[in-house]
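To start, the structure under review is shown below, and the notes come after it.
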Amino acid sequence: MSETEDRLSSASPAVAASGGRSEDAAPSPGQARAALGFAAVALFVAAANLRPAIAAVSPLVDRIRADLDLSATAVSLLTTIPTLAMGLCAPLAASVGRRWGLQRGVLIGLTVVAVATAARGLGRATWLQLCCAAVVGAGIAIAQTLLPAVVKTRFADRAGLVTGIYTAGLGLGGAVAAGASAPLADAVDSWPVALASWAVLAVAGIVLWSAAKGPLRLAHVDGPKGPATTGLPWRSGLAWRITAISAGNSALYYCELAWIAPLLHDDGGLSEARAGFMLTVMISIQVVAMLGVPVLLGERADKRFGLAVTTALTAVGFLGFAFSPGTGTWLWVLAMGVGHGGLFTLVLTLPVSASRDAAQAGRFAAMAFFVGYACAAVGPVAVGGLRDATGDYRLAFGLLAAVTLLMLAPIARLSPRQIEKDQHTSA
């Protein structure tokens, strides 16, 4: 049994004293592996629910604009509002986790996502869709901010691999939603019902997370201590470096999700179907990279090499899309898939690997999500504005490549020695 599991097991003497089955009963090696695997599956399915409500909008944009008589800027709010809510509501997760613990805190987040997603099927009113988008973002913020603390608590000895599983869930959930929402809308002849249908996946996540309560061993584990925003490590240089990297990573991701397919159609000369297919392929490669890169790199204390390599590959992808979208497209898709898929996972490991305990991991994650998603919401809007101003995506994607390369500056200051020094000055 790992040190983390020993620590958690010692938290349940009251259960044993009351005559219930104690969580500190030593399982056999096979039982321990099975429990760990079930917990990882629950984490994967929970993560798969954190993107469909956003990714499902993109293939339905034309129908939504026509039905609601919205401009392109107005319809982009269906993506921007939940992204903003994810940032602004991230500190709320600290309060939820402190009040109800990690197990129930994540469950609350998934429940909010399920209810708000289902409510999208109630009508086509603009106000209803925007309100649902905001509430979905709040639910995502709660679950997503607490999950790094779950990794730190339950999977501390396998943080890199399990974070890869988690981010693969994020990517796969978004890819499936982006690919299946339009056929669903055709089948039911209703885009609101197609959007609402993703509540079924959220319900599955709720059921599985509840069933995994024992294997997760989180019943006696609280979330990060301290007040919401005032408990965040605002004075920590380490926290700000993690936040800067997370902000860039998130902004790049949402720009890809929103604009790569239109770029390939408008600047690359591909049909809409072909452009959508290329986006799906890229996301699929990212999912594989999310799992593969942590395995290749192992549980290294020094994350800088992996972060630098994947950042450079991502920048190559953006530059290729900017200046040669119709030539070498598969190369740029591969570079972006491997690069940003691996980068995404490694960035999400930072709050875990750079923290000294689960509470600090939760505070680092809350700050990264709070600031990062607020910044990320600006990215897709900025790309759209530059596209309108210049008539193509060259300048916008060139600047995205520059932003990617700028991330190398905070990455360079993540040496194990520097992290250890900063940990003791972090709130």
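Values below: every heavy atom of this structure, side chains too, minus hydrogens, waters and symmetry copies. No experiment lies behind these values; they were computed from the predicted model shown.
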Does any pair with a residue in [range] pass salt bridge (charged side-chain N to carboxylate O under 4.0 Å, His left out), and if so which ones, sequence neighbours excluded?
| range | answer |
| --- | --- |
| residues 172-183 | none |
| residues 304-314 | D302-R304 |
| residues 190-200 | none |
| residues 177-187 | R63-D186 |

Inset, instruction - Determine, stepwise, if the pair L238 / I419 fulfils side chain to side chain contact (heavy atoms under 4.5 Å, CB included). - result: CA-CA 7 Å; L238 175 60; I419 289 175; 4.0 Å; yes
Check whether [X] reaches the backbone of [Y] with its side chain - one donor and one acceptor, N or O, closer than 3.5 Å.
| X | Y | answer |
| --- | --- | --- |
| D189 | A185 | no |
| T345 | M290 | yes |
| R241 | L414 | no |
| W209 | L110 | no |
| W332 | F318 | no |
| S197 | A194 | yes |

Legend entry - Partner set under ring-ring contact (aromatic ring centres under 6.0 Å, His included) for W198, not counting sequence neighbours: none
Inset, instruction - Using the test salt bridge (Lys or Arg N to Asp or Glu O under 4.0 Å), find all partners of R387 that sit at least two apart in sequence or belong to another chain. - result: D266
Are any of the side-chain heavy atoms of [X] and [Y] separated by less than 4.5 Å?
| X | Y | value |
| --- | --- | --- |
| M367 | I242 | no |
| L147 | L50 | yes |
| L170 | Q144 | yes |
| I260 | L263 | no |
| V45 | N49 | yes |
| Y166 | F44 | no |
| W234 | V371 | yes |

By side-chain hydrogen bond (donor to acceptor under 3.5 Å, both in side chains) - contacts of [X] (at least two apart):
| X | value |
| --- | --- |
| R99 | none |
| R104 | none |
| W191 | D67 |

Closest contact, heavy atoms only, [X] versus [Y]:
| X | Y | answer |
| --- | --- | --- |
| A42 | A212 | CB-CB, 3.6 Å |
| G173 | P52 | O-CG, 3.6 Å |
| T310 | L307 | OG1-O, 3.2 Å |
| A315 | L405 | CB-CD2, 3.7 Å |

Legend entry - Verdict with reasoning, L264 to F321, per side chain to side chain contact (heavy atoms under 4.5 Å, CB included): CA-CA 8 Å; L264 292 175; F321 283 128; 3.9 Å; yes
Legend entry - Residue pairs fulfilling ring-ring contact (aromatic ring centres under 6.0 Å, His included) with at least one residue in residues 334-358, sequence neighbours excluded: Y253-F344
Atom pairs and distances, side-chain donor-acceptor, residues 126-143, under 3.5 Å, sequence neighbours left out:
unit_1 : atom_1 : unit_2 : atom_2 : d
Q129   : NE2    : R120   : O      : 3.0
Q129   : NE2    : G123   : O      : 2.8

Inset, instruction - With rounding to the nearest 0.5 Å, note down the distance linking CG in L107 to CH2 in W100. - result: 12.0 Å
Atom pairs and distances, donor-acceptor, side-chain atoms in residues 83-94, under 3.5 Å, two or more places apart:
unit_1 : atom_1 : unit_2 : atom_2 : d
T83    : OG1    : T79    : O      : 2.8

